[in-house]
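Below is one structure, written out as structure tokens; the observations come after it.
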Amino acid sequence: ISNIQNQQQTINSQISDLNNELAEILVTLEVLEQDLTNKRAEIEQAQKDYDAAKAQEDEQYAMMKARIKFMYEKNNTMYIDLLLKAESMTDLLNKVDYVEQLYDYDRTLLENYRATKEKVAELQVTLNEEKSELEVMEADYVEQQANLEAVITQKKQQAADFDSQLASAKTLANSYKQTIKTQNAQIKKMQEEEKRKAEEEAAKAAAADSSSDSKSSTPVSSGNLETGSGTNTDTSNNSSNAQNNTGSQNTSPSSNSGLGQQIASYACQFIGNPYVSGGTSLTNGADCSGFTQSVYAHFGIYIPRTSGSQAVGGKGVDYSNIQPGDIVCYAGHVAIYIGGGQIVHASTPATGIKISSVTYRTILAIRRYY
């Protein structure tokens, strides 16, 4: 019964831990879903901006072509008309200069529209990469949620089975106790019977001795038994002093921005290297928390391995006081702040280690370990 109760307590404790873990995953999923909603809105707006820039480019290009075609086809007569209608040489030069300015204006507008279109196209690529990263993480957390729920269901079934086992064990224990009680009653009865028989035999033996006159008695001498006992007991109480040595980790003060900048600069050396799930190699591949852990390890600073643990370690920092080298924590993801509103992080298998905006996702915490 004790064994079953201990196992049941262990299972219930595991269920409690799993429920806490499930709650964290559900919160993370909610944050990821909100980030995905925001990212989809940004992508939709970027597409609208791209379409508008493309339409303006096409319109300006068509107008420019029409004007160039007109100037090419009417080149001779246009300049003859200018010469004939010009009131003076200054007027003629002004008209020629106007035509050239119109051409330059068209060309400048066209180049601006093209630059805008290219910039928006680059933004679309970035947003789609970030959306892909969020979708991969969401799928992973959904899978973790399903696995946890399955384990919790299994544990609850085990706990229910322990209830059945416990009830069965208690029933069996009651049966055992009744059996023991019955057996003890039988033993007591047997002991009383044996005692009665022994008393009868003793009485018979005493009667036989008293009726026998032919027996002689032999004197019994007894010697003095001297017993001496001397015990010298030396007792000593030995006390030992236990010293509790507590180790302390020396960390640099929070204002050590120089070290933070070194961390950020060192991390940027690995931009373009691959992302590998579960990896910790800065050159051959690392995941987000493996990347941050390995960068910090280069400076002799130990930080936890997982993104969740890194998000609760070190010292909390307000966004207003963020500085290079700080770890920026998102839902299921971590990065290193490098200044200028940017982070470096191991993003996805498709993009590897890259630079992104610090606000590209919802920030959950900022931690400082130096």
Side-chain angles (χ1 to χ4, degrees), residues 20-21 23-25 27-28 30-32 34-35 38 130 133-134 137 141 245-273 275-283 285-348 351-370:
N20 290 337
E21 190 174 347
E24 292 179 4
I25 287 178
V27 171
T28 301
E30 186 175 346
V31 174
L32 285 173
Q34 185 59 51
D35 284 344
N38 296 339
E130 294 172 354
E133 173 188 326
L134 290 170
M137 295 186 68
Y141 275 94
N245 296 323
T246 58
S248 61
Q249 180 180 0
N250 294 325
T251 58
S252 301
S254 59
S255 61
N256 191 352
S257 58
L259 178 57
Q261 186 61 62
Q262 292 178 41
I263 292 172
S265 299
Y266 179 73
C268 290
Q269 297 180 24
F270 305 99
I271 294 172
N273 287 350
Y275 174 101
V276 175
S277 178
T280 57
S281 173
L282 298 174
T283 53
D287 57 20
C288 64
S289 55
F291 172 69
T292 53
Q293 185 188 53
S294 296
V295 168
Y296 268 79
H298 177 77
F299 296 90
I301 302 173
Y302 172 79
I303 64 175
R305 174 62 181 89
T306 65
S307 58
S309 298
Q310 291 180 15
V312 296
K315 177 183 178 182
V317 179
D318 291 335
Y319 184 76
S320 59
N321 295 322
I322 192 172
Q323 64 184 30
D326 290 343
I327 290 185
V328 184
C329 308
Y330 307 91
H333 191 64
V334 287
I336 296 176
Y337 186 69
I338 59 175
Q342 292 183 314
I343 55 171
V344 60
H345 59 135
S347 178
T348 64
T351 58
I353 298 173
K354 56 178 283 190
I355 289 178
S356 299
S357 168
V358 67
T359 56
Y360 89 110
R361 286 174 54 188
T362 302
I363 298 175
L364 300 185
I366 300 170
R367 312 301 296 184
R368 185 169 297 164
Y369 283 90
Y370 54 91

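What you are looking at is a predicted structure, and each value in this text was computed from that prediction instead of being measured.
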Open item on the list: How close do C288 and G332 get, counting heavy atoms only, and between which atoms?
Closed with: SG-O, 4.3 Å
Task: Residue pair L32 / Y141: nearest heavy atoms and the distance that separates them - done: CD1-CD1, 3.8 Å
TODO: Determine, step by step, whether Y319 and V358 satisfy the side-chain contact (heavy atoms from CB on, under 4.5 Å) criterion, reporting the C-alpha distance in whole Å, the side-chain angles of both residues, the deciding distance to 0.1 Å, and the verdict.
DONE: CA-CA 10 Å; Y319 184 76; V358 67; 3.4 Å; yes
Task: Passing candidate, ring-ring contact (aromatic ring centres under 6.0 Å, His included) with H298, options F291, Y370, Y266 - done: Y266
Task: Value rounded to 0.5 Å, distance of NE2 in H333 from OG1 in T362 - done: 13.0 Å
Task: Point-to-point distance, once rounded to the nearest 0.5 Å, from CD1 of I366 to CG of N321 - done: 9.0 Å
TODO: Mind checking the CD1-CD1 spacing from I336 to I327? Nearest 0.5 Å is all I need.
DONE: 6.0 Å
Task: Flag side-chain contact, heavy atom, 4.5 Å: Y360 against L134 - done: no
Open item on the list: Which residue in the set H345, R361, E133, Q342 passes side chain to side chain contact (heavy atoms under 4.5 Å, CB included) when paired with S356?
Closed with: H345
Task: Gap separating the OH atom of Y369 from the CD1 atom of I263, nearest 0.5 angstrom - done: 12.0 Å
Open item on the list: Determine whether D287 and R305 satisfy the following criterion, salt bridge (charged side-chain N to carboxylate O under 4.0 Å, His left out), listing intermediate values before the conclusion.
Closed with: CA-CA 10 Å; D287 57 20; R305 174 62 181 89; 3.2 Å; yes
Task: Summary of salt bridge (Lys or Arg N to Asp or Glu O under 4.0 Å) pairs that have at least one residue in residues 332-342, sequence neighbours excluded - done: none
Open item on the list: Between N38 and Q34, do the side chains contain a donor N or O and an acceptor N or O under 3.5 Å apart?
Closed with: yes
Open item on the list: Please give me the minimum heavy-atom distance between I322 and V328, naming the atom from each residue.
Closed with: CD1-CG2, 4.0 Å
Open item on the list: With rounding to the nearest 0.5 angstrom, report the CD1 to OG1 distance, I301 to T292.
Closed with: 12.0 Å
Open item on the list: Please check if the number of heavy atoms outside Q269 that lie under 6.0 Å from its CD is greater than 12.
Closed with: yes
Task: P304 versus S309, closest heavy-atom pair with distance - done: CB-CB, 3.4 Å
Task: Derivation and outcome, side-chain contact (heavy atoms from CB on, under 4.5 Å), residues V295 and V344 - done: CA-CA 11 Å; V295 168; V344 60; over 6 Å; no
Open item on the list: side-chain contact (heavy atoms from CB on, under 4.5 Å), that's the test. Do Y302 and Q293 meet it? Break it down for me.
Closed with: CA-CA 7 Å; Y302 172 79; Q293 185 188 53; 3.9 Å; yes
Open item on the list: Evaluate T283 against N273 for side chain to side chain donor-acceptor pair (under 3.5 Å), listing each step before the verdict.
Closed with: CA-CA 6 Å; T283 53; N273 287 350; 5.8 Å; no
Task: Between CG on residue L282 and CZ on residue F270, distance to nearest 0.5 Å - done: 4.5 Å
TODO: Measure from the side-chain N and O atoms of Y296 to the backbone N and O of G325, and report whether any donor-acceptor pair falls under 3.5 Å.
DONE: yes
Task: Test item: Q310 side-chain N/O and S289 main-chain N/O as donor-acceptor pair under 3.5 Å - done: yes
Open item on the list: Please find the pair of heavy atoms, one from I363 and one from Y330, that lie closest to each other, and give the distance.
Closed with: CG1-CE2, 3.7 Å
Open item on the list: Please find the pair of heavy atoms, one from G285 and one from V276, that lie closest to each other, and give the distance.
Closed with: CA-CG2, 3.5 Å
